[in-house]
Amino acid sequence: MKVYNTMSRTKEEFQPIRSECVTIYSCGPTVYNYAHIGNMRTYVFMDILRRVLKLNGYRLRHVMNITDVGHLTSDGDEGEDKMEKAAKSQKKTPWEIAEYFTGVFFGDLKRLNIETPEITPKATEHIDVMIEFVKELCEKGYGYETSDGIYFDISKFPHYGRLSRANLEEQLAGASERVEVNTEKRHPADFALWKKAPKEHIMQWPSPWGMGYPGWHIECSAMSREYLGDCFDIHTGGVDHIPIHHENEIAQSEALTGKRSVNYWMHGEFLLVDNGKMSKSLGNTYTISDLIEKGYSPLAYRYFCLNGNYRNKLNFTWEALDAAQVSLNRLYEALAKHKNAEERLPEGTAEEWKKEFTDAVSDDLNVPLGLGILWKALRFPVKSKEIYDFALFTDQILGLSMEENAEKPAQNENPQEAELSPEIRELVNQRTEAKKRKDFKTADAIRDRLKEMGVTLIDTKEGVKIVTE
Ligand code: AMP
Ligand code: ZN
């Protein structure tokens with residue numbers, strides 16, 4: 001199988017360190033808030049990677065951290081602690097906040113059929129491992145103390161910036177333009193390994209440098225080493241992590257061990273909403289629960305993600321999600337038709353599809369191509385259980401719960417309460433208006449269009465009754 005390696009900027013043949021078991025580390029969520037659909041896109045990518053590796057015969061030892069100690073609100077080492085900020089505004093302790101959002105996060109993984117990695121360590125349970133790591137770095141001369149913490153001295157690590165090919169001079173200029181420049185740092189790109197805590201900081205632990213808390217990159221270096229060793233196969237995360245978080249992880253890990261820590265760096269591109277960034281102020285940081293409330297099944301969102309290659313940006317719109325829901329419903333309907341059909345396919349057809357599908361997804365996770373092969377099979381002009389079996393084979397990767405849904409078409413989780421999607425609601429309104437105008441031609445055309453989308457309108461004395469499949 002081939003994977004694209006951010007470090008080499010090329011697609012490479014995947015060669016694991018140990019032939020039988022692949023070691024993976026994925027940057028997990030910071031649990032101070034609900035994960036949004038952009039975050040979940042990155043975890044769908046992580047899940048596809050797992051599934052494709054398994055299809056290629058590997059066993060996995062996969063770690064995904066749970067960051068339950070706060071990062072600071074800026075990428076640098078300034079700003080407020082996100083976890084403490086959330087705790088204050090919700091009048092809870094940071095531990096309560098973390099516990100609640102960790103539960104919600106695992107719930108979202110389940111709804112999206114994202115397999116939980118084998119090991120999901122919490123940062124707060126590994127503070128000792130992090131302190132040891134920082135101590136060793138200091139002993140080796142990579143750390144220095146300032147009045148507010150221990151910093152990594154990037155001038156001692158000549159490879160700094162290799163992943164993003166960052167221009168340190170540019171970073172220097174950028175950093176000095178920022179308002180809060182920590183003047184005690186030797187280089188603006190030096191980053192905190194450990195922060196000394198002021199009294200009011202709630203989450204703090206004893207350390208050789210007094211009470212404090214870990215810098216936000218150290219947990220990934222410390223926990224990946226703890227569970228996967230000095231060198232492991234694959235590290236994943238979103239592209240936003242490349243320039244700072246992952247550069248810093250590399251610097252810490254490789255400075256400590258003197259070895260290359262990760263063989264393949266893989267990054268998922270961003271999800272956009274209406275072609276722009278998601279932001280609180282635009283009110284478009286949707287969660288999986290928001291989609292369910294609007295009447296979509298979570299797997300329609302997964303299906304939507306599968307339509308895009310993980311290395312390309314993907315644009316979320318409600319229309320695109322409508323289309324994904326319609327396609328998913330059609331997929332389940334098609335499966336139901338093939339499930340008990342007796343006809344045989346021409347000799348070798350199913351085997352050929354399996355190979356095509358396996359080759360597609362093993363080529364740097366080309367799932368959109370894989371989906372195309374599935375649809376080609378479903379549209380084959382024969383009804384056959386062999387097609388159904390092939391679809392279930394693809395579901396090892398696609399994770400769309402095909403077996404469970406082959407009889408009953410896709411449903412959202414609570415159809416009674418579910419709102420109709422905005423597009424469907426709009427069409428129903430347009431039809432009502434058309435009928436009022438006695439424009440029955442338009443009204444009927446809209447009714448047919450809705451039927452195609454799996455929505456049946458029944459006119460009753462009380463008004464129009466809407467039945468979704
Ligand atoms: P965080 O909890 O902020 O560390 O983010 C969790 C994961 O989501 C990280 O791997 C991020 O890179 C990723 N991420 C954040 N925003 C987006 C987005 N808009 N699209 C895709 N992935 C994202
Ligand atoms: Zn990380």
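Ligands are counted one by one from 1 in listed order, and the atoms in each one are counted from 1 as well. Not measured: the values here are computed from a predicted model. Position 1 is the first residue of the sequence, and the numbers go up from there.
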Ligand-residue contact atoms, ligand 1 with [X], heavy atoms, under 4.0 Å:
X      : answer
Gly238 : 10 (O), 12 (O)
Pro29  : 2 (O)
Met278 : 19 (N)
Asp240 : 11 (C), 12 (O)

>> Evaluate Trp95 against Tyr100 for side chain to side chain contact (heavy atoms under 4.5 Å, CB included), listing each step before the verdict.
In response: CA-CA 9 Å; Trp95 284 272; Tyr100 172 73; over 6 Å; no
[X] and [Y]: side chain donor to acceptor below 3.5 Å:
X      : Y      : value
Ser327 : Asn329 : no
Asp274 : Thr317 : no
His246 : His267 : yes
Asn312 : Glu269 : no

>> Tell me the nearest of His241, Met46, Met40 to atom 9 (C) of ligand 1, using heavy-atom distances.
In response: His241
> Among Thr42, Ile37, Val31, whose heavy atom sits nearest atom 13 (C) of ligand 1?
Replying inline: Thr42
>> I'd like to know: is the Zn ion (ligand 2) within the 2.8 Å range of an N/O/S atom from His246, strictly under that distance?
In response: no
> For ligand 1, is there an atom lying under 4.0 Å from some heavy atom of Gly268?
Replying inline: no
>> Yes or no: does Lys277 have any heavy atom under 4.0 Å from an atom of ligand 1?
In response: no
>> Could you walk me through whether Ser253 and Glu249 satisfy the side chain to side chain donor-acceptor pair (under 3.5 Å) test, starting with their C-alpha distance in whole Å, then the side-chain angles of each, then the deciding distance to 0.1 Å, before giving a yes or no?
In response: CA-CA 6 Å; Ser253 299; Glu249 269 191 61; 5.7 Å; no
Counting both backbone and side chain atoms, is some N or O of [X] under 3.5 Å from an N or O of ligand 1?
X      : result
Leu271 : yes
Cys27  : no
Tyr43  : no
Thr30  : yes
Val239 : no
Asn39  : yes

>> Applying side chain to side chain donor-acceptor pair (under 3.5 Å) as the test, list every pair that has at least one member in residues 45-54; sequence neighbours left out.
In response: Asp47-Arg51, Asp47-Arg302, Arg50-His62, Arg50-Glu115, Arg50-Glu118, Lys54-Glu115
> When you look at Lys11 and Asp363, which way does the salt bridge (charged side-chain N to carboxylate O under 4.0 Å, His left out) test go after all the steps?
Replying inline: CA-CA 9 Å; Lys11 232 194 257 180; Asp363 181 13; 2.9 Å; yes
> Where do Ser401 and Glu404 land on the side chain to side chain contact (heavy atoms under 4.5 Å, CB included) test, with the steps shown first?
Replying inline: CA-CA 6 Å; Ser401 298; Glu404 296 85 323; 3.8 Å; yes
>> Rounded to the nearest 10°, what angle sits at the Zn ion (ligand 2) between SG of Cys220 and NE2 of His245?
In response: 110°
>> Applying salt bridge (Lys or Arg N to Asp or Glu O under 4.0 Å), can you list everything that pairs with Asp395, at least two apart in sequence or on another chain?
In response: none
